[in-house]
Amino acid sequence: MESEISPVFVALPIPKQGLLAYMPPQGMDQLEPGMRVLVPVGLRRRMIGVVWDPPEKRDPQDLDIELKEVSSVLDEAPIISREYRRFLQAVSWYYFYPVGMTLEEALPNLLLSSRSSSIEKILNTRKKTRVRFQIPPSAPCRPKSLTQEQISVLSVLKKRISGNLFSPVVLHGVTGSGKTEVYIRAAESALALGKTALILVPEIALASQLVAWFYNAFGDLVGLWHSKITGPQKLKTWQDIRDGKIRIIVGVRSAIFAPLDNIGLIVVDEEHDDSFKQDVRLRYSARDLALLLGKLQNATVVLGSATPSLTTYEKVIKGEYELLTMTRRVHDTPLPKVELIDLRTKRKKKEIPRLPWWMSEALYKAIDETLHSNEQLLLFLNRRGFATFVFCSDCGHAFRCPHCEITLTLHKSFGPKGNKELLVCHSCGFNLPALPVCPNCGGQAISSKGIGTERVLAELVQVFPNIRAERFDRDTMGSKKKLINTLEGFRKGDIDALVGTQMITKGHDFPNLSLVGVIWGDQSLHYPSFNASEKTFQLLTQVAGRAGRRGKRGRVIIQSFCPEHYSIVYACEHDYESFLREERNKRVGHFYPPFGHLINLIFSGKLEEHVKKISFEAQQIAMRILPKIQKRYTKAVEILGPSPGIRPKVKDLFVWNLLLKSQSRKAVRSLAEGLLNKLSTVPKRGVRIEIDCDPTGLG
DNA sequence: AGCACGCCGACT
DNA sequence: GTCGGCGTGCTC
Ligand SMILES: [Zn+2]
Ligand SMILES: [Zn+2]
């Protein structure tokens, strides 16, 4: 066996762990890691992959197989730097996800799709249009002077950025304390040092608005990165970043993969937000990856939030992260007055006027007063549609999704024109026209239960016929234009009230809002997850923080079926510390995060029998190898389940979970690794196995 | 993810 | 007898 010519190792976007080895092409010894190559895969396929750093140890039996030859080399020089490869390698390792597929997740699609060859060619065929980002005209101006708190926070951040060391910082600042301005000026100082900056926010709509502020300050040095930017446009941004033309990126979760070099500052704004966790394929947390990247790049990482997650705050308590606080709102707007209303209270028989059940008398009065004084209000309910449960009152037939088995939600004004009456599955999107006839018995007594934003808006208008109200959710704010227009209209005072979902709570600035009504404050509390209380506290704090205008105290009404729950009580009192104390006490005994580490194995397939069988088999294997693991690690590892998923069926696939938990991350990872190893040899029978490290919404 | 192989029902 | 349906497994 001649082994003078050493093979190259290629990362390919196939669901196989590790790299594939190839012979370099004839007379091509300048092949370096980071260059793209075209290689034969299987019997008749050619794929684009990236030459990777050779593994330290190679499986000896690998050497037996005859290696195929690289078909062609696509780049003259590496397009993936050593630092970036190290980052992706670490991501791949942590999430048990193949390197090649991690690469696919990170790179612009065009770079690995087989049609493309040279980057220049792709970009040259595209007509050049200059990107501009515009701030909506009625948005408040950037402040000329800073508050005392902003000044002191900035001075620390500047020190950390110029220190050239990994510096994790938690910026605990109440809503409206002026964090955005701090981010802009911190980015400025990173730039002044020749470094770059990465700003992450939870939603595309927020990124699109925030980028305009940065654009005004830094011009073409700023780029926008999110999943709706695709094709040549994404590639252009990617290339401009690598060329150093773009040095600040504003984006969402996926922007963590923007190929910035020499990063001085990474901001994760609203770090507690679930949107930073991807829940398909590579299930990464952009917040956790920001910390990893910060470590590799010796950057300052700012985790900003009015309600830092327990996971983040635990690091503050341990002294691993630095804590900076901003307790005062700009213009000294006081925190809103929050009233808690018990929805279980019996209603008066003769209410005048007759109110819908979700509108308590207190809320009614508050809305009335707000409208009378020409002020604005916002109603929050985290559910789209008109009714969540539609059934036939003759035979009891309930309308369910044939693919997910959950009940269909009635939408009375669906579609871009808002003129379609549909039953929609909120899990997979399946829908059918809402006809007034029962498909089971032919009867016409179709009824519905459960509220959504559509119904709240409709009944709000019934009670207040002159109100100018609009809905603000994914259904109505599908396009960027519509969203901007509505926000504009509300800021200008053309709209009195907004009825919205989660969308309404994130970041948007409402300068004249005097009343916030939370329709169902304990809704998120019923989600079967170890962090349901935390999510509830965060959501309520965030939505309440919208209320209040310059110098004038806002008012918040939270309606709830369990107003005595600590997450709701402390949210009303703006008491983060007390909530934290109680929630930590709840979790510490069960070793839930941050006191323990979770890895979830997700089994899914078309035949429930097979899914169930494989997940039980996995549990058996885990039990068998557990003693070996416990010899190496003193901390216990628990195997929980298998059990049906929170959504037991999605798009015709049955889902089961096997949850691994331990106080020691190493121990739980070690068990997961061993288990996956053993599972790789058992026949899958159409069952897919996915790994979710640090799952949210489980337990 | 593709793509091939293979094992069973229905069609020349 | 073969054609093609999808269920299953592999890719250096
Ligand atoms: Zn019926
Ligand atoms: Zn469905």
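In what follows, chains are A, B, ... by sequence order, proteins preceding strands, each numbered from 1.
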Review point. Nearest-Å distance, CG (A/L282) to P (B/dA1)?
Key: 14 Å

Study note, to complete from the structure: Here the side chain to side chain donor-acceptor pair (under 3.5 Å) pairs for residues 596-607 of chain A, sequence neighbours left out, are A/H597-A/R665, A/N600-A/N657

Practice item. Would you list the pairs meeting side chain to side chain donor-acceptor pair (under 3.5 Å) in which at least one residue belongs to residues 241-253 of chain A, sequence neighbours left out? Key: A/Q239-A/R242, A/R253-A/Q278

Review point. Can you list the residues that meet the salt bridge (Lys or Arg N to Asp or Glu O under 4.0 Å) rule with A/R647, with sequence neighbours excluded?
Key: none

Practice item. Just grab all the side chain to side chain donor-acceptor pair (under 3.5 Å) pairs involving residues 621-633 of chain A, residues at least two apart or on different chains. Key: A/R632-A/S670

Exercise for review: Take atom CG of A/L12 and atom C1' of B/dA1, then tell me their distance rounded to the nearest Å.
Suggested key: 12 Å

Point to revise | salt bridge (Lys or Arg N to Asp or Glu O under 4.0 Å) against A/R281, all qualifying residues, sequence neighbours excluded | key: A/E105

Please write out each protein N/O paired with an N/O of nucleotides 4-7 of chain B under 3.5 Å, distance rounded to 0.1 Å.
residue, atom, partner, partner atom, Å
B/dA4, OP1, A/R44, NE, 2.2

Exercise for review: May I have all residue pairs that pass salt bridge (Lys or Arg N to Asp or Glu O under 4.0 Å) and include part of residues 669-688 of chain A, sequence neighbours excluded?
Suggested key: A/R688-A/E690

Point to revise | Nearest-Å distance for atom pair CD/C1', residues A/Q17 and C/dC12 | key: 15 Å

What's touching nucleotides 4-11 of chain C from the protein side, N or O pairs under 3.5 Å?
residue, atom, partner, partner atom, Å
C/dT11, O3', A/G42, N, 3.2

Review point. Within the structure shown, what part of the strands sits under 4.0 Å from A/R688 by heavy-atom distance: base, sugar-phosphate, or nothing?
Key: sugar-phosphate

Check your understanding: Parallel, tilted or perpendicular: which fits the ring planes of A/F257 and A/F87, with parallel below 30° and perpendicular above 60°?
Key -> tilted

Revision key, fill the gap. The salt bridge (Lys or Arg N to Asp or Glu O under 4.0 Å) partners of A/K649 (sequence neighbours excluded) come to A/E405

